[in-house]
Amino acid sequence: MNHVLLTALLFFKIGALSFGDGLAMTPAIYQNLSQFRLITSEGFTNMLAVSQITPGPIAINLATYIGMEKGGILSALLVTLAVATPSMILAIALLKMWDKLKDNRKVEFFLEGIKASALGLVASTIILMTQEITLSYFGIFLILATFLSLVIFKINPTVLLIISGVIGSIFLV
Amino acid sequence: MNNNTGNVEVKNSMLFFAFLKIGLLTVGGGLVMLPIITDTVVKKKNWLSYEDMSQCIAIGQSVPGVIAINVASAVGYKISGKKGAIFSSLGIILPPFIIITLLYGILDNIVENPFLIGAMKGIKIGLIGVLLATVYRLTKMTFSKTLHYFIFLITAIMVGFMKFSALATLFLCGFLSLIFYSFKDRSSKR
């Protein structure tokens with residue numbers, strides 16, 4: 001089969017089957033692609049490094065990068081849409097089902113637990129992020145400063161992130 | 001809930017640009033884009049309530065796929081249907097797509113640039129603070145019972161520290177809540 005098509009199909013499969021954040025998806029991407037010799041471990045390590053410093057979801061970055069490598073911009077587009085499409089379909093399907101079922105009392109109880117737990121999952125992401133980077137006192141200060149600027153002074157989060165980036169390029173080099 | 005039918009065109013392009021900004025500033029992907037989505041969609045534009053937003057966050061984590069796209073699709077769909085979902089998702093996809101296709105070839109050298117690495121480190125650290133503020137705000141707005149805080153805490157500990165599967169934990173908490181309320185329901189009827 002055509003390499004580009006095979007890559008797109010594999011990405012579609014990964015998008016439809018794997019749960020969890022980008023970093024949970026990367027092993028699946030590597031395993032699936034290397035199985036068909038579409039990627040080498042060295043090449044993948046490079047791509048991963050690129051994906052982590054470019055903006056956007058890691059799975060999208062990897063899809064675009066690998067698509068570019070396999071056949072240029074159109075292939076990149078195909079592979080990127082392939083990994084994103086299952087997400088869109090499944091999220092809309094669940095949303096429709098949720099809105100239809102929420103009047104049922106039992107379902108309502110269940111969903112209330114899911115909603116509270118989903119925020120707990122966001123908190124767990126914060127925990128994982130703090131483990132991933134080595135936090136200095138300066139880093140902790142920066143976290144507190146952004147938190148307070150948002151909660152107390154209601155500064156725009158986009159502005160805060162840009163400032164954080166500038167501070168990082170000066171002090172964290 | 002907002003179900004405005006007028007100006008759908010404007011809304012779709014607004015959705016697109018709102019998510020374009022989010023796609024540009026999300027380093028690492030996934031849930032880290034939540035703060036800007038919540039800020040834009042709930043606070044600034046008033047397109048969704050905090051309640052709707054936490055539903056979208058839950059959906060984002062209950063279906064397989066790219067979490068950022070899951071949440072963007074749910075938010076977009078809630079605001080303006082299927083088209084809304086498509087425009088929001090395209091907004092998330094486009095920045096990384098354009099950056100990687102344009103810089104492909106020189107990207108391997110850019111990875112070594114210390115200033116860029118420093119900037120990305122800074123953004124990641126800043127994101128932690130912004131994310132904390134979002135969780136703080138969302139829990140304050142949507143939690144009303146002790147059970148909510150209890151579920152929140154055990155989820156954070158189980159997944160964050162003990163590395164339990166996120167999906168399994170999510171469903172476990174759903175059942176926990178179902179059992180708790182069913183009991184309460186029954187005892188209040190007596």
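We name chains A, B, ... by the order of the sequence lines, and we start the count at 1 in each one. All values reported here derive from a predicted model rather than from experimental measurement.
Side-chain atoms of B:S177 come within 3.5 Å of backbone N or O of A:F109 as a donor-acceptor pair. Using a distance-only test at 3.5 Å, with no hydrogens or angles considered, no donor-acceptor pair links the side chain of B:T155 to the main chain of A:G120.
Residues of residues 82-92 of chain A that come closer than 4.5 Å to chain B, counting heavy atoms only, are A:V83, A:A84, A:S87, A:M88, A:L90, A:A91, A:I92, ordered by residue number. Using a 4.5 Å heavy-atom cut-off against chain B, no residue of residues 29-45 of chain A qualifies as contacting.
Residues B:I157 and B:F175 fall into different hydrophobic clusters, defined by Ile, Leu, Val, Met, Phe, Trp and Tyr side chains chained together at heavy-atom separations under 4.5 Å. With hydrophobic clusters built from ILVMFWY side chains whose heavy atoms lie under 4.5 angstrom apart, A:I58 shares a cluster with B:L103. No continuous path of hydrophobic side-chain contacts links A:F141 to B:V130 [ILVMFWY only; heavy atoms under 4.5 Å]. Hydrophobic cluster membership differs between B:F183 and B:F150, with clusters built from Ile, Leu, Val, Met, Phe, Trp and Tyr side chains linked at under 4.5 angstrom.
B:L131 touches chain A through backbone and side chain together, each having a heavy atom under 4.5 Å away. Heavy-atom distances place no part of A:V166 under 4.5 Å from chain B, backbone and side chain included. In this structure, chain A has heavy atoms under 4.5 Å from both the backbone and the side chain of B:P114. The parts of A:L172 that come within reach of chain B are both its backbone and its side chain, each placing non-hydrogen atoms under 4.5 angstrom from that chain. Of the two parts of B:I86, the backbone and the side chain both hold a non-hydrogen atom closer than 4.5 Å to a non-hydrogen atom of chain A. For B:T142, the part lying near chain A is the side chain, with the backbone staying farther off; criterion is any non-hydrogen pair under 4.5 Å. For a residue to count as touching a neighbouring chain, one of its non-hydrogen atoms must lie under 4.5 Å from one of that chain's; by this rule A:S149 does not touch chain B. Interface residue A:L77: backbone and side-chain heavy atoms are both found under 4.5 Å from chain B. For B:L116, the part lying near chain A is the side chain, with the backbone staying farther off; criterion is any non-hydrogen pair under 4.5 Å. Contacts between B:Y104 and chain A at a heavy-atom distance below 4.5 Å involve the side chain alone, from C-beta outward. Of the two parts of B:D39, only the side chain, counted from C-beta on, holds a non-hydrogen atom closer than 4.5 Å to a non-hydrogen atom of chain A. With a 4.5 Å cut-off on non-hydrogen atoms, A:S18 touches chain B through its backbone but not through its side chain. With a 4.5 angstrom heavy-atom cutoff, B:I99 touches chain A only via side-chain atoms. Of the two parts of A:Q131, only the side chain, counted from C-beta on, holds a non-hydrogen atom closer than 4.5 Å to a non-hydrogen atom of chain B. With a threshold of 4.5 angstrom between heavy atoms, B:Y149 does not approach chain A through any atom at all. Using a 4.5 Å cut-off between heavy atoms, B:S89 contacts chain A through its side chain alone, with no backbone atom that close.
In this structure, the side chains of B:H148 and A:L119 stay at 4.5 Å or more apart for every pair of heavy atoms. Contact of the B:Y136 side chain with the A:L150 side chain is not registered, since no non-hydrogen atoms from C-beta on lie closer than 4.5 Å. Side-chain contact check for B:F97 versus A:I73: some heavy-atom pair is nearer than 4.5 Å. Residues A:L128 and B:K163 meet the side-chain proximity criterion, which asks for heavy atoms closer than 4.5 Å. A heavy-atom distance below 4.5 Å is found between the side chains of B:I151 and A:S117. Between B:I69 and A:I60 there is a side-chain heavy-atom pair separated by less than 4.5 Å. Inter-residue side-chain proximity for A:D99 and B:K78 is flagged as met; some heavy-atom pair is nearer than 4.5 Å. Contact of the A:T64 side chain with the B:P96 side chain is not registered, since no non-hydrogen atoms from C-beta on lie closer than 4.5 Å.
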*asked:* Please evaluate residues B:Q55 and A:L111 with respect to the criterion side chain to side chain contact (heavy atoms under 4.5 Å, CB included), reporting the C-alpha separation (whole Å), side-chain torsions for both, the decisive distance (0.1 Å), and the verdict.
replied: CA-CA 9 Å; B:Q55 184 196 12; A:L111 293 177; over 6 Å; no
*Could you give me the CA-CA distance, side-chain angles and deciding distance for A:L161 and B:I36, then say whether side chain to side chain contact (heavy atoms under 4.5 Å, CB included) is met?*
CA-CA 10 Å; A:L161 289 181; B:I36 312 179; 3.6 Å; yes
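The minimum heavy-atom distance between B:G160 and A:S124, with the atom names listed, is N-CB, 3.4 Å. Closest non-hydrogen pair, A:L95 versus B:Y77, comes out as CD2-CD2, 3.3 Å. What you find for B:V66 and A:M25 is that their closest heavy atoms are N-CE, 3.6 Å. Between B:A68 and A:P57, the shortest heavy-atom contact is CB-CG, 3.6 Å. Pairing each heavy atom of A:A118 with each of B:A58, the nearest pair is CB-CA, 3.5 Å.
We find the NZ-OG distance between B:K121 and A:S169 to be 12.0 Å, quoted to the nearest 0.5 Å. Expressed to the nearest 0.5 Å, how far CD1 of B:I100 lies from OG1 of A:T80 amounts to 8.0 Å. Note that the CD1 atom of B:I123 and the CD1 atom of A:I167 stand 11.0 Å from one another [nearest 0.5 Å]. Taking OG from B:S54 and CD1 from A:I114, the interatomic distance works out to 12.5 Å, rounded to the nearest 0.5 Å. With rounding to the nearest 0.5 angstrom, the CE atom of B:M158 is 10.0 Å from the CG atom of A:L121.
By the neighbour-count criterion of 12 heavy atoms within 6.0 Å, atom NZ of B:K43 is densely surrounded, having more than that number from other residues, nucleotides or ligands. Surrounding CZ of B:F161 are at most 12 heavy atoms belonging to other residues, nucleotides or ligands under 6.0 Å away.
Ranked by heavy-atom pairs under 4.5 Å with chain B, the first of A:F110, A:F147, A:F171 is A:F110. Ranked by non-hydrogen atom pairs under 4.5 Å with chain A, the options B:P95, B:S62, B:P35 are led by B:S62. Among A:V50, A:N46, A:I170, the residue making the largest number of heavy-atom pairs under 4.5 Å with chain B is A:V50. Ranked by heavy-atom pairs under 4.5 Å with chain A, the list B:V135, B:I179, B:L167 is led by B:L167.
Each of A:E108, A:K106, A:R105, A:E112 was evaluated against B:Y181; a single residue qualifies, A:E112, per the side-chain hydrogen bond (donor to acceptor under 3.5 Å, both in side chains) test. Put simply, the residue from A:I126, A:I127, A:T146 that forms a side-chain contact (heavy atoms from CB on, under 4.5 Å) with B:I128 is A:I126.
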